[in-house]
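Report on one structure; see the data block that follows.
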Amino acid sequence: MKKFKTVLAMILVFAMFAALSITASAETANLDGHLYKAFQIFSGSQNEEDTSGALGSVKWGDGIQDADFLTALKSSDAFGSPNPFVHDDTAAQVARHLEVFENDSDALIAFSKLAYEYRVLSAGIDCVDGDTSLPAGYYLVVDVTSFGADEVNTVYNMALLQQTRNGRFEIRNKASVPTLIKKVKDINDSQASDESLWQDSADWDIGDNVVFRITVTLGEMKNYDTYAITIHDTLSDTLSYNRDSAVIKVGNTIVTDQFNISATNTNVTASCSNVKAFASDGDVITMEYTARLLGTAKIGTDGNDNTAYLEYSNNPNDSSSRGKTPEDLVRVFTYQLTLNKVDEEGNALIGASFELQKKNAAGAWVSKGVVRGTTSTVFTWAGLDDGDYRIVETVTPDGYNPIDPIEFTITADHDVESDDPHLNSLSGGDGFTVELSRGALQADIVNEGGVVLPETGGEGTQMLYVFGALLLLGGLVLIVTKKRVGDAA
């Protein structure tokens, strides 16, 4: 039988192994250490001195269900029109038609997928990258690695079509996986700025709608019939997802309706069964949404966590197989302010009320709430972020002078790029003490007592009145006594 020049010495059907120019940040997975099985499609003979690796005496190998495979080749519409295999009856005829396919072509990919479907499972031969001795032939090499349940960034080689050269061949261990990055927006709403700061941590007020962003960079999808992804996002129970707030884009194009979004208060999933319908290799998909920071928020260094990971198709040979990226965590911090009302001697002073106000980006003061101290001398506002504030005394204790508004600034330092972001420092300025773990700022507010002024009708005048009354009484007694003496004479 004439020699069969195969599809070069090694035909790779997985375009991940070609030098495609993907400039986005999908990761290249290291497939060293993966396990493979080789399934012989064609057997034959090779001349060891022939460097082309030509295969002669081509017959069906023992790793393929040849009759069913041939029927599938003839009926497939993946090889163009007319179908080159439609009149083939032997392995040698199939091999001759296969020879004209180009490396990594769509037709060659279709051939490998049909071979994968009709391989003889029991005939797989264990093989190792670059160190395998096999009978001469043309093989389907399948990645059969078993991954642990918690293993991340897993991906399989697509089934490779490879021809032996002197009983050996090389498996190229390269594939790409998508990436996911989670960020939270951090803004100082006391400052006018168009800058959006996407960080691993931020501080917000209780009641605010915190803005989150998830960025997915797609890997290479060429050899997948369909490519599914699911974004899994888990919020702290102190954050409540705002339903219908999610907006998903590819570049600047909104594709939210291509995803099935399911949400509870603390769990959000956005899944798409085939992103190849609207996205290409290396494209960036973003999802932004908001979640309200609840009154139960953790204040201080514990923070309020949010984690996300991506589930993705990871095996071009098996449409149901999924991998996952590592979880990415962001943390939202919030703080509290406590004022102690005292007199000039440092003693607790009841009867005051205070309003906390915050300056907005337009320079206006916005109320953060009034706390009344009818019986209390401690005033607390929980759930504050950084910014410019002032304290306004709305009720002054009786007998004391009112105070002027007190302005101050809350500043905080927290990790902006970290796998485990921390709150590092907190300040309110002069006069404030800080307990960092509790996110607590504390200050004393002093009221000065009123002055006591002199007044008419004081004690000296009253004595004059008493002395005058005594003189008058003495004079009356003298007059009466003289009158009695005169009458007696």
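Residues meeting the side-chain hydrogen bond (donor to acceptor under 3.5 Å, both in side chains) test with Asp420, sequence neighbours left out: Arg331. Remark: Ser201 pairs with Phe333, His414, Pro421 by the side-chain contact (heavy atoms from CB on, under 4.5 Å) rule, at least two apart or across chains. Every residue meeting the side-chain hydrogen bond (donor to acceptor under 3.5 Å, both in side chains) condition with Asn209, not counting sequence neighbours, appears here in chain and number order: Asn242. With sequence neighbours excluded, no residue forms a ring pair (Phe, Tyr, Trp, His ring centres under 6.0 Å) with Tyr116. Applying the side-chain contact (heavy atoms from CB on, under 4.5 Å) test to Ile406 and every residue at least two apart in sequence or in another chain returns Ile391, Ile403, Ile445. In this view, Phe111 and Phe69 satisfy the ring pair (Phe, Tyr, Trp, His ring centres under 6.0 Å) rule, not counting sequence neighbours. With sequence neighbours excluded, the residues satisfying side-chain hydrogen bond (donor to acceptor under 3.5 Å, both in side chains) with Thr409 are Asp388. For Asn274, there are no side-chain hydrogen bond (donor to acceptor under 3.5 Å, both in side chains) partners, not counting sequence neighbours. For Asn424, the side-chain contact (heavy atoms from CB on, under 4.5 Å) test picks out Asp413, Asp415, His422, with sequence neighbours left out. Scanning for side-chain contact (heavy atoms from CB on, under 4.5 Å) contacts around Ser437 gives Thr301, Glu435, with sequence neighbours left out.
Asp318 places no side-chain N or O within 3.5 Å of a backbone atom of Asn315 that could act as its donor or acceptor partner. At distances below 3.5 Å, at least one donor-acceptor pair connects side-chain atoms of Thr145 with backbone N or O atoms of Leu35. In this structure, Thr325 contributes its side chain and Leu310 its backbone to a donor-acceptor pair below 3.5 Å. At least one donor-acceptor pair closer than 3.5 Å links the side chain of Asp281 to the backbone N or O of Met221. At least one donor-acceptor pair closer than 3.5 Å links the side chain of Asn317 to the backbone N or O of Ala159.
For the 3.5 Å distance criterion, the side chains of Asp233 and Asn306 qualify, holding a donor opposite an acceptor. Side-chain contact check for Glu151 and Thr154: no donor-acceptor pair (N or O, by modelled atom type) lies under 3.5 Å. Counted by atom type alone, Thr338 and Thr380 present one or more donor-acceptor pairs between their side chains at under 3.5 Å. No side-chain donor from either of Ser236 and Asp305 sits under 3.5 Å from a side-chain acceptor of the other. Of the N and O atoms on the side chains of Asp200 and Ser418, not one donor lies less than 3.5 Å from an acceptor on the other residue. Using modelled atom types and a 3.5 Å distance limit, the side chains of Tyr335 and Asp203 yield a donor-acceptor pair. Judged purely by distance below 3.5 Å, without hydrogens or angles, the side chains of Asn157 and Tyr36 pair a donor atom with an acceptor atom.
Note that CZ of Arg292 is 11.5 Å distant from OG1 of Thr238, once rounded to the nearest 0.5 Å. In this structure, OG in Ser427 is found 7.5 Å from CG in Leu441, a value given to the nearest 0.5 Å. The CG atom of Leu218 lies 9.5 Å from the OG atom of Ser176; values are rounded to the nearest 0.5 Å.
Two rings, from Phe432 and Phe408, have their centers less than 6.0 Å apart.
You'll find the side chain of Leu180 stays beyond 4.5 Å of the side chain of Met287, heavy atoms only. Side chains of Val371 and Trp381 form a contact here, defined as non-hydrogen atoms less than 4.5 Å apart. Looking at Leu98 and Phe79, their side chains never come closer than 4.5 Å, going by heavy atoms from C-beta outward. Asn83 places none of its side-chain heavy atoms less than 4.5 Å from the side chain of Asp77. You'll find the side chain of Asp328 stays beyond 4.5 Å of the side chain of Thr307, heavy atoms only. The shortest side-chain heavy-atom distance between Lys113 and Met158 falls under the 4.5 Å cut-off. Between Ile231 and Thr269, the closest side-chain pair of non-hydrogen atoms is not below 4.5 Å. Asp106 is listed as a side-chain neighbour of Lys222, based on a closest heavy-atom distance under 4.5 Å.
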Per-pair distances, 0.1 Å, donor-acceptor, side chain in residues 359-367, under 3.5 Å, sequence neighbours excluded:
unit_1	atom_1	unit_2	atom_2	d
Asn360	OD1	Ala362	N	3.0
Asn360	OD1	Gly363	N	3.1
Asn360	OD1	Ala364	N	2.9
Ser367	OG	Glu355	OE2	2.7
Ser367	OG	Gly369	N	3.1

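Heavy atoms of other residues, nucleotides or ligands lying less than 6.0 angstrom from CG of Asp244 number 12 at most. Within a 6.0 Å radius of CG in Asn347, other residues, nucleotides and ligands contribute more than 12 heavy atoms.
Residues in residues 279-332 take part in these ring pair (Phe, Tyr, Trp, His ring centres under 6.0 Å) pairs, two or more places apart or across chains: Phe212-Tyr289, His232-Tyr309, Tyr241-Tyr289.
In this pair, Phe147 and His34 present their aromatic rings perpendicular. The plane angle is above 60°, beyond the 30 to 60° band.
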